[in-house]
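Presented below is the structure to which this report refers.
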Number of protein chains: 2
Amino acid sequence: MTGKNLAGPEADALDLGAVFRALADEHRRSVLTQLAADRGDNERGCNSFDLPISKQTQTHHFRVLREAGLIDEIDYGNRKGVRLRRADIEMRFPGLLALLEAEPPGDTDPR
Amino acid sequence: MTGKNLAGPEADALDLGAVFRALADEHRRSVLTQLAADRGDNERGCNSFDLPISKQTQTHHFRVLREAGLIDEIDYGNRKGVRLRRADIEMRFPGLLALLEAEPPGDTDPR
DNA sequence: CTTCAGGTACGACTTGAATCGTACCTGAAG
DNA sequence: CTTCAGGTACGATTCAAGTCGTACCTGAAG
């Protein structure tokens, strides 16, 4: 039942460039905004984000977010959980999550 | 002598997605970090950033930064000035510039 | 006037990223 | 066991972005 945590960078190793690149994508930013909105930082299923893209692409986006150090991915084998690394992000980039929370949620930015 | 200011978005219209996309590039982030380091927000020449890229590419990057609303470009005809839009950025995205200032300057991130 | 440095316009090339199709794996429920 | 939904792996495609070569513009200095 207890899944294993997939590897991401240490809190000290978080790179601002990688974070900005991760947040440059609309879908990934949507995921992080939704995660940041929950002050309890509960683990969420990957299905709960209602992304209008295929599951292969979702896998790709969650991987990018994890490799940027923004989320933890917990692997249960046939499903996966996601949790925001709020403490690490706040320590390394204080105020970053506040910027995301302040954004209007339905802002489908017309690239 | 007084140049004309090239058009950028209004302060209210600054888009977080465009800002993240602009800051996702190492060279543009370097420019903004250097600008943010000067608390006096003095106008700087485009040549003063020591970017290891051709001038055509520099033109491209400064345009992206301006269209994201992060800098003003002042056109003098045969040269150009750049100024950080600190007040607008701070109003719309408080704390963003602090994140850049906190970064180690010589961080040549190995993409 | 000519020269020259700074900057732009346009096009071409190249790389990376987002997306999806197909196939396969994993664990839970029949 | 089989079935099924969630997720991954791999490859292919498409598109945006970074880069530069060539040509041209602009204003200042001879």
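Both backbone and side-chain heavy atoms feed into the values below; hydrogens, waters and symmetry mates do not. Letters A, B, ... are given to chains in the order of the sequence lines, protein chains preceding strands, and every chain is numbered from 1.
- The existence of a salt bridge linking E103(A) and R92(B) is confirmed by a sub-4.0 Å separation between a basic side-chain nitrogen and an acidic carboxylate oxygen.
- To the nearest 0.5 Å, atoms CG (L23(A)) and CZ (F20(B)) are separated by 5.0 Å.
- If you measure from atom CZ of R28(B) to atom C1' of dA16(D), you get 12 Å, rounded to the nearest angstrom.
- Considering only the side chain of T57(B), dT19(D) comes nearest among dC20(C), dA18(C), dT19(D).
- In plain terms, the two heavy atoms of V19(B) and A68(B) that are nearest each other are CG2-O, 4.0 Å.
- Between H27(A) and dT19(C) there is a side-chain polar atom (N or O) within less than 4.0 angstrom of OP1 or OP2.
- With rounding to whole Å, D25(B) atom CG is found 13 Å from dT15(C) atom C1'.
- Look at CZ on R21(A): it is 18 Å from P on dT15(C), rounded to the nearest Å.
- Summarising the geometry, the separation between NZ on K4(B) and C1' on dT26(D) is reported as 10 Å, rounded to the nearest angstrom.
- Here H60(B) pairs with R28(B), V64(B) under the side chain to side chain contact (heavy atoms under 4.5 Å, CB included) rule; sequence neighbours left out.
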Watson-Crick and G-U pairing of DNA chain C, under 3.5 Å, as dot-bracket with | and [ ]: ||||||||||||||||||||||||||||||
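- Residue pairs meeting the salt bridge (charged side-chain N to carboxylate O under 4.0 Å, His left out) criterion with at least one partner in residues 53-66 of chain A, sequence neighbours excluded, are R63(A)-E67(A), R66(A)-E73(A).
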Identify all side-chain donor-acceptor contacts of residues 45-52 of chain A below 3.5 Å with residues at least two apart in sequence or on another chain.
{"from": "S48(A)", "atom 1": "OG", "to": "R44(A)", "atom 2": "NE", "distance (Å)": "3.1"}
{"from": "S48(A)", "atom 1": "OG", "to": "R44(A)", "atom 2": "NH2", "distance (Å)": "3.3"}
{"from": "S48(A)", "atom 1": "OG", "to": "G45(A)", "atom 2": "O", "distance (Å)": "2.7"}

Chi angles and distances behind the side-chain hydrogen bond (donor to acceptor under 3.5 Å, both in side chains) call for S30(B), E26(B): CA-CA 6 Å; S30(B) 169; E26(B) 174 192 357; over 6 Å; no
Heavy-atom protein contacts under 4.0 Å, nucleotides 6-13 of chain C, coded B base, S sugar-phosphate only, - none: BBBB----
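- R86(B) is linked by a side chain to side chain contact (heavy atoms under 4.5 Å, CB included) to R39(B), D41(B), L84(B), E90(B), L97(B), E101(B), counting only residues two or more places apart in sequence or in another chain.
- Rounded to whole Å, the distance from CG on L65(B) to P on dA17(D) is 14 Å.
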